[in-house]
Amino acid sequence: MAAETPSIRHHGLKARLRYLYHGSQPAAVRFRLAVIAIDLLIIAFFLAAPILREAGRTFYVIDYAIAAILTVDLAARIYAYSDVRDWLKKPVNWIDLVVLATLLFPAWLFNLGFLRLMRLWTLLNSDFFWRTVGRKFDDTRVEEITRAMAALVTFVFVVTGFVYATFRGRHDGITGYLDALYFTVATLTTTGFGDITLPGNWGRVLSIVVMLTGITLFLRLAQTLMRPHKVKFPCDTCGLQKHDPDAVHCKACGNLLCIPDDGA
């Protein structure tokens, strides 16, 4: 048998990666579940990074190991994608590249390390996640609530990391990561105990931004929780994506629908 040419190997690898990252077969789903589990462990490391950094060399070993994992994962996703230019047009992918940069250059970009927690937002807002975990949920309410909670939690920890990296050692109230988290939650909920306040005009501006953004994210989460139950079922005529579970006709165009009833 003739040896495989580089072109054949190239297309074979690309097809294999497309199967693993985009396929619906059980083996592909198990692969993506493993990737998601590793992602969650990495996010847990990012959350504990401000404390673990004091471990010195061990921290950097883990940091570079995670950088290698994310590099391989991102390279595989790009390679499996049909159009690289289209992949680069998605802001969520640029966030992953920024996260990777903070891992590759931790000594120089540690002050931007708070951006690593954006990985939680990109994961829970990715098609990759919802094709794997969310495929079991036909109703959009579960997805919308998850996305809203991801935005709120990510915002809390990104702001906490920013406050910790910027004001630690420069303000008496911010002596540790817990102080930064306490300030963020107190400000975001507009509780405003006043025992920890950021100094200067920039501190006031940051507090205002946290309060306004926090209110917006809370309202979005509340609206999502109170919103009527919907299911994803595209209308063949007008393309409307969401309908009531018991809808017989599309409310936009009146087209006859046939929404599957799992309980039947």
Side-chain angles (χ1 to χ4, degrees), residues 38-71 74 91-125 149-218:
I38 294 171
D39 243 333
L40 292 174
L41 289 175
I42 290 173
I43 291 168
F45 171 78
F46 291 163
L47 184 60
I51 300 172
L52 295 178
R53 191 171 189 264
E54 298 176 1
R57 182 177 299 178
T58 303
F59 171 83
Y60 288 108
V61 170
I62 299 174
D63 204 79
Y64 282 119
I66 291 175
I69 293 171
L70 292 186
T71 299
L74 279 175
V92 68
N93 295 326
W94 280 98
I95 292 174
D96 284 337
L97 292 175
V98 171
V99 170
L100 180 59
T102 65
L103 287 163
L104 293 173
F105 309 103
W108 297 277
L109 298 179
F110 181 74
N111 284 340
L112 297 178
F114 62 89
L115 295 176
R116 295 178 178 184
L117 268 303
M118 291 291 289
R119 182 77 180 182
L120 175 63
W121 182 85
T122 61
L123 174 64
L124 297 183
N125 281 273
M149 290 186 66
L152 180 59
V153 172
T154 301
F155 178 76
V156 167
F157 285 106
V158 167
V159 172
T160 298
F162 176 77
V163 170
Y164 178 76
T166 305
F167 292 95
R168 183 194 181 195
R170 302 179 185 177
H171 179 50
D172 294 338
I174 309 295
T175 58
Y177 190 79
L178 187 60
D179 293 328
L181 179 60
Y182 172 79
F183 163 80
T184 302
V185 174
T187 305
L188 183 141
T189 57
T190 66
T191 304
F193 293 115
D195 50 346
I196 299 180
T197 56
L198 301 183
N201 291 331
W202 285 112
R204 294 185 179 90
V205 169
L206 177 61
S207 299
I208 292 170
V209 171
V210 171
M211 283 186 282
L212 292 178
T213 306
I215 292 172
T216 303
L217 292 175
F218 271 123

Q.
Applying salt bridge (charged side-chain N to carboxylate O under 4.0 Å, His left out) to Asp63 and Arg116, what does each step give before you reach the verdict?
A. CA-CA 12 Å; Asp63 204 79; Arg116 295 178 178 184; 2.9 Å; yes
Which atom pair, heavy atoms only, marks the closest approach of [X] to [Y]?
{"X": "Leu40", "Y": "Leu123", "result": "CD2-CD2, 3.8 Å"}
{"X": "Ala150", "Y": "Leu124", "result": "CB-CD1, 3.5 Å"}
{"X": "Leu103", "Y": "Ala67", "result": "CB-CB, 3.7 Å"}
{"X": "Ile62", "Y": "Phe45", "result": "CG2-CE1, 3.4 Å"}

Q: Measure from the side-chain N and O atoms of Thr154 to the backbone N and O of Ala151, and report whether any donor-acceptor pair falls under 3.5 Å.
A: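 Not a single qualifying donor-acceptor pair exists.
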Q: Would you confirm whether Asp179, through its side chain, and Gly176, through its main-chain N or O, come within 3.5 Å as a donor-acceptor pair?
A: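 Here the side-chain-to-backbone pair exists.
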Q | Counterpart residues, side-chain contact (heavy atoms from CB on, under 4.5 Å), relative to Tyr177 (two or more places apart) | A |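 For Tyr177 the side-chain contact (heavy atoms from CB on, under 4.5 Å) partners, ignoring immediate neighbours, are Leu47, Pro50, Phe157, Thr160, Tyr164.
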Taking the side chain as C-beta and beyond, is there a heavy-atom pair between [X] and [Y] under 4.5 Å?
{"X": "Val156", "Y": "Leu181", "result": "yes"}
{"X": "Asn93", "Y": "Thr122", "result": "no"}
{"X": "Asp96", "Y": "Leu70", "result": "no"}
{"X": "Trp121", "Y": "Ile95", "result": "yes"}

Q.
Could you walk me through whether Leu206 and Val163 satisfy the side-chain contact (heavy atoms from CB on, under 4.5 Å) test, starting with their C-alpha distance in whole Å, then the side-chain angles of each, then the deciding distance to 0.1 Å, before giving a yes or no?
A. CA-CA 9 Å; Leu206 177 61; Val163 170; 3.9 Å; yes
Nearest 0.5 Å, what's the [atom1]-[atom2] distance between [X] and [Y]?
{"X": "Asn125", "Y": "Met118", "atom1": "CG", "atom2": "CE", "result": "9.5 Å"}
{"X": "Ile42", "Y": "Leu120", "atom1": "CD1", "atom2": "CG", "result": "12.5 Å"}
{"X": "Thr213", "Y": "Leu152", "atom1": "OG1", "atom2": "CG", "result": "11.0 Å"}
{"X": "Leu74", "Y": "Leu97", "atom1": "CG", "atom2": "CG", "result": "6.0 Å"}

Q) Around atom CE of Met149, are there more than 12 heavy atoms of other residues, nucleotides or ligands at under 6.0 Å? A)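 No, the 6.0 Å shell around CE holds no more than 12 heavy atoms from other groups.
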Q) Between Asp39 and Arg119, does a side-chain contact (heavy atoms from CB on, under 4.5 Å) hold up when you go through it step by step? A) CA-CA 8 Å; Asp39 243 333; Arg119 182 77 180 182; 2.9 Å; yes
Q.
Assess the residue pair Leu188 and Phe218 against the criterion (side-chain contact (heavy atoms from CB on, under 4.5 Å)); give the C-alpha distance rounded to whole Å, side-chain angles, the decisive distance to 0.1 Å, and a yes or no.
A. CA-CA 9 Å; Leu188 183 141; Phe218 271 123; 2.9 Å; yes
**Q.** Full working for side-chain contact (heavy atoms from CB on, under 4.5 Å) between Val99 and Phe46
**A.** CA-CA 10 Å; Val99 170; Phe46 291 163; 4.0 Å; yes
